[in-house]
Amino acid sequence: MGADGVHEGIRRIVRMIPAGKVATYGQVAAIEGKCTPRMVGYAMAGIPAGSDVPWYRVINSRGTISFPAGSDGHETQRALLESEGVEFDERGKVDLSRFGWEGPGVEA
DNA sequence: AGATTGACTGCAT
DNA sequence: CATGCAGCCAATC
């Protein structure tokens, strides 16, 4: 493993997210400190299925899933989050003030 | 090597 | 809250 410093850093942050909570792409990028939200999304897309990285705990700044409603990824992500106790409102949005991850130094 | 795109964000309108 | 524009950096063509 090695050479993918960008992906590795991002994956490490995502793995720190506690169950039942969610983090935004900007949050992960800010915690990582050296990558941009764009790269976080790109790194997520590069994560293979069955990986130990809870990519589904990463959503966009509005607290909504970044996939188009009705797509397979969208329903999968929502189902996984609900199974961990995350609540979605009628618009499929998550209350970041309740389920938003504070950071690695709070829960970890 | 240059242009295009992308699981984004923030500010302005 | 929706839409538009700019900034961001890596992967892809």
ask   = In residues 44-83 of chain A, which residues come under 4.0 Å of DNA chain C by heavy atom?
value = A:Arg62

task = Would you kindly give the OH-to-C1' distance between A:Tyr42 and B:dT5, to the nearest whole Å?
result = 8 Å

ask   = Could you give the distance from CD1 (A:Ile47) to CH2 (A:Trp55), rounded to the nearest 0.5 Å?
value = 9.0 Å

Using residues 24-37 of chain A as the side-chain source, report each donor-acceptor pair under 3.5 Å to any protein atom, sequence neighbours left out, with the distance given to one decimal.
unit_1: A:Thr24; atom_1: OG1; unit_2: A:Gln27; atom_2: N; d: 3.0
unit_1: A:Glu32; atom_1: OE1; unit_2: A:Lys34; atom_2: N; d: 3.2

query = How long is the span from the CZ atom in A:Phe88 to the CD atom in A:Glu82, to the nearest 0.5 Å?
reply = 6.0 Å

message = Using heavy-atom distances to pick each residue's nearest nucleotide on DNA chain C, tell me which of A:Met39 and A:Lys93 is more 5'.
response = A:Lys93

inquiry  = Can you tell me if A:Lys34 touches the phosphate of C:dC9, counting only side-chain N or O atoms and a distance under 4.0 Å to OP1 or OP2?
reply    = no

inquiry  = Any heavy-atom pair between the side chains of A:Arg57 and A:Val86 that's under 4.5 Å?
reply    = no

Atom-pair distance (CG on A:Leu96; C1' on B:dT9), nearest Å = 14 Å

Residue pair A:Val22 / A:Leu96, side-chain heavy-atom distance below 4.5 Å = yes

remark   = From CD1 of A:Ile10 across to C1' of C:dC9 the rounded distance in Å is 10 Å

message = Is it the case that B:dA7 (base atoms only) and A:Tyr25 (side chain only) share a donor and an acceptor within less than 3.5 Å, ignoring hydrogens and angles?
response = yes

message = To the nearest 0.5 Å, what is the distance between CZ on A:Arg62 and NZ on A:Lys93?
response = 9.0 Å

